[in-house]
Amino acid sequence: MTDVTGLTVGVLGGTGPQGKGLALRWAKAGIKVIIGSRSAERAEATASELGVTGLDNAGTAAAADVVLVAVPWEGHGELLTSLREQLRGKIVIDCVNPLGFDKQGPFALPVEEGSAAQQAARLLPESRVTAAFHHVSAVHLVDLSIPEMDTDVLVLGDDRDATDLVRALADAIPGMRGVYGGRLRNAHQVEAFTANLIAINRRYKAHAGIRVTDV
């Protein structure tokens with residue numbers, strides 16, 4: 001498995017539930033983490049809670065070796081466009097789920113490029129874009145009384161070395177396992193499946209994840 005020792009992971013949107021939770025677990029695993037936010041002050045405040053570094057999004061993207069995108073879908077395209085130079089040549093992990101909500105519950109939104117990850121690949125042609133961490137419970141991530149995350153993480157991408165590294169970042173969190181899930185063109189159904197998990201969670205009052213069998 002790829003060695004992630006010495007890597008610095010930047011988390012764009014690191015003050016939100018998903019980004020904060022993954023940052024916390026990686027920091028506990030001994031990985032250097034930088035929290036990013038539109039506001040450097042907000043990033044620093046969250047980072048101080050976690051014992052990591054906080055910068056604005058541009059500073060985070062520039063300083064990190066690998067960057068997780070965990071921002072709301074509404075600001076996804078604009079943010080990545082603004083950080084194209086800082087993300088040049090870097091592995092980018094997109095975990096954004098384009099979802100809508102109505103009286104019938106959650107549903108997947110149409111994306112012109114096919115998925116949020118494919119939009120990221122179009123906007124960041126000189127970055128190594130992957131898709132992963134869509135189905136991990138933010139509630140469980142921040143709850144350190146849960147010592148292990150009982151879940152698999154589907155990792156998608158067209159760059160084998162990049163997907164191997166992202167799988168290793170998943171494996172660094174106790175209980176979690178990274179599983180290669182196909183090319184980036186298959187990211188739509190992975191992002192969309194989050195709507196099904198939200199429906200499951202609401203029905204069963206749970207924080208469901210996924211496990212892949214026979215692998």
Side-chain angles (χ1 to χ4, degrees), residues 1-37 40 42-71 79-80 83 86-96 117 120 124 127-157 159-181 209:
M1 183 58 69
T2 304
D3 184 11
V4 296
T5 303
L7 279 181
T8 298
V9 179
V11 182
L12 304 180
T15 58
Q18 195 79 1
K20 181 179 179 180
L22 285 166
L24 174 63
R25 293 287 176 161
W26 279 324
K28 290 295 182 183
I31 295 171
K32 184 178 179 180
V33 178
I34 302 174
I35 290 285
S37 178
R42 188 178 177 193
E44 289 167 3
T46 299
S48 67
E49 297 174 19
L50 307 182
V52 300
T53 302
L55 299 170
D56 64 13
N57 282 326
T60 298
D65 303 308
V66 180
V67 176
L68 176 78
V69 182
V71 299
L79 176 65
L80 295 186
L83 298 177
Q86 292 91 333
L87 294 173
R88 185 189 303 272
K90 297 184 178 183
I91 293 175
V92 174
I93 310 167
D94 202 299
C95 74
V96 174
L124 304 171
S127 299
R128 303 161 69 190
V129 176
T130 64
F133 300 104
H134 301 88
H135 307 143
V136 184
S137 167
V139 173
H140 283 179
L141 284 169
V142 298
D143 184 356
L144 293 181
S145 71
I146 301 172
E148 296 190 358
M149 297 296 300
D150 182 21
T151 192
D152 286 339
V153 171
L154 294 178
V155 180
L156 298 92
D159 181 321
R160 176 66 179 270
D161 290 339
T163 56
D164 283 351
L165 186 143
V166 177
R167 287 175 53 225
L169 283 173
D171 290 350
I173 298 174
M176 191 179 290
R177 181 179 66 154
V179 178
Y180 175 69

Has the side chain of [X] got a donor or acceptor atom that lies under 3.5 Å from a matching backbone atom of [Y]?
X     : Y      : result
Asp94 : Ala131 : no
Gln86 : Ala64  : no
Thr46 : Ala43  : no
Asn57 : Ser37  : yes

What is the minimum heavy-atom distance between [X] and [Y], and which atoms define it?
X      : Y      : result
Val166 : Ala132 : CG1-CB, 3.8 Å
Cys95  : Gln18  : SG-CG, 4.4 Å
Ala63  : Ile34  : CB-CD1, 3.6 Å
Val11  : Ala23  : CG2-CB, 4.2 Å
Thr60  : Gly36  : OG1-CA, 3.2 Å
Ala120 : Leu80  : CB-CD1, 3.5 Å

Once you round to the nearest 0.5 Å, how far does [atom1] of [X] lie from [atom2] of [Y]?
X      : Y      : atom1 : atom2 : result
Thr130 : Asp161 : OG1   : CG    : 12.5 Å
Met176 : His140 : CE    : NE2   : 11.5 Å
Thr163 : Leu154 : OG1   : CG    : 12.0 Å
Asp65  : Lys32  : CG    : NZ    : 8.5 Å
His135 : Asp152 : NE2   : CG    : 11.5 Å
Asp143 : Arg25  : CG    : CZ    : 7.5 Å

Contact list for residues 49-69, test ring-ring contact (aromatic ring centres under 6.0 Å, His included), sequence neighbours left out: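 Residue pairs with at least one partner in residues 49-69: there are none.
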message: With a 6.0 Å cut-off (strictly less than), is the heavy-atom count around CZ of Arg177, excluding the residue itself, greater than 12?
response: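 For Arg177, atom CZ is crowded (more than 12 foreign heavy atoms under 6.0 Å).
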- prompt: Could you walk me through whether Leu169 and Val66 pass the side chain to side chain contact (heavy atoms under 4.5 Å, CB included) check?
  reply: CA-CA 10 Å; Leu169 283 173; Val66 180; 4.2 Å; yes
message: For Leu7 and Leu165: C-alpha separation, side-chain torsions, deciding distance, then whether side chain to side chain contact (heavy atoms under 4.5 Å, CB included) applies.
response: CA-CA 10 Å; Leu7 279 181; Leu165 186 143; 3.7 Å; yes
query: Mind checking whether Leu141 and Leu22 have side chains closer than 4.5 Å, heavy atoms only?
result: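 They are in side-chain contact.
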query: With a 4.5 Å limit on heavy-atom distance, are the side chains of Leu68 and Trp26 in contact?
result: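 A side-chain contact under 4.5 Å exists here.
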- request: Take Val153 and Ile173 through the test side chain to side chain contact (heavy atoms under 4.5 Å, CB included) and record every step on the way to the result.
  value: CA-CA 11 Å; Val153 171; Ile173 298 174; over 6 Å; no
Glu44 vs Ile35, side chain to side chain contact (heavy atoms under 4.5 Å, CB included): CA-CA, chis, key distance, verdict: CA-CA 8 Å; Glu44 289 167 3; Ile35 290 285; over 6 Å; no
Sequence-distant partners of Lys20, side-chain hydrogen bond (donor to acceptor under 3.5 Å, both in side chains), two or more places apart: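 Expected list: Glu49.
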- request: Show the numbers, then the answer: is there a salt bridge (charged side-chain N to carboxylate O under 4.0 Å, His left out) between Asp171 and Arg167?
  value: CA-CA 6 Å; Asp171 290 350; Arg167 287 175 53 225; 5.3 Å; no
